[in-house]
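One structure below.
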Amino acid sequence: MKEERSVGAIIFRRDVGRCLFLLLHYQGGHYDWPKGHIEPGEQELDTVRREVLEETGIEDLTIYGGFRETILYFYTRGGERIRKTVAFYLAETSTSEVKLSWEHVGYKWADYEESMNTLTYRNSREVLEKARRFLEQRGISV
Ligand code: ATP
């Protein structure tokens, strides 16, 4: 079976006592985190920074060491079954302006509850739940 690996980011910014998370509206209709394929020679954090810049225009990212959560899913492309893993990092920004690429049709800065109601895939919601736990353990109210 073909294997694919991507890396993504849960990006948040602080807004009067809570966190807002950046959700992207994909062309396929679903809402999910920014993510993309690892290019040859890249370390995962290089991929995170490159993909976030390409997909959102955001440059200022503080990546939280100690948070890395992977998800696994399977899909079929051109009759071929693909086993895909995506590693998610957690990053804070102070940028609110988003410049989308052609890959997405919209975006949303959403609080935790709205994010949980908007994210299409359960595995992406589970990553958000882990991020919330991680942030609250560090005194950041989500
Ligand atoms: P990348 O953003 O990593 O470059 P891609 O655009 O090549 O990825 P995916 O976003 O993985 O491809 O989408 C391939 C298929 O998997 C689509 O049918 C999509 O709906 C589905 N998919 C995407 N994310 C998930 C997920 N978290 N769980 C289950 N299925 C997903």
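Whatever order the structure lists them in is the order used to number ligands and atoms, beginning at 1. These numbers were taken from a predicted model, which means no experiment stands behind them.
When the salt bridge (charged side-chain N to carboxylate O under 4.0 Å, His left out) test is applied to Glu97, no partner is found at least two apart in sequence or on another chain. Residues forming a salt bridge (charged side-chain N to carboxylate O under 4.0 Å, His left out) with Arg138 (at least two apart in sequence, or on another chain): none. Shown here are the ring pair (Phe, Tyr, Trp, His ring centres under 6.0 Å) partners of Tyr89, two or more places apart in sequence or in another chain: there are none.
Closest approach of Pro34 and Ile11 over heavy atoms only: CG-CD1, 4.0 Å. Contact record, Ile140 with Cys19: CG2-SG, 3.9 Å, taken as the closest heavy-atom pair.
In summary, the aromatic rings of Tyr107 and His25 are positioned with their centroids too far apart to meet the 6.0 Å limit.
Protein residues are said to neighbour a ligand when one of their heavy atoms lies under 4.0 Å from it; for ligand 1 these are Ser6, His30, Asp32, Lys35, Gly36, His37, Ile71, Tyr73, Tyr75, Arg77, Lys84, Tyr121, Asn123, Ser124.
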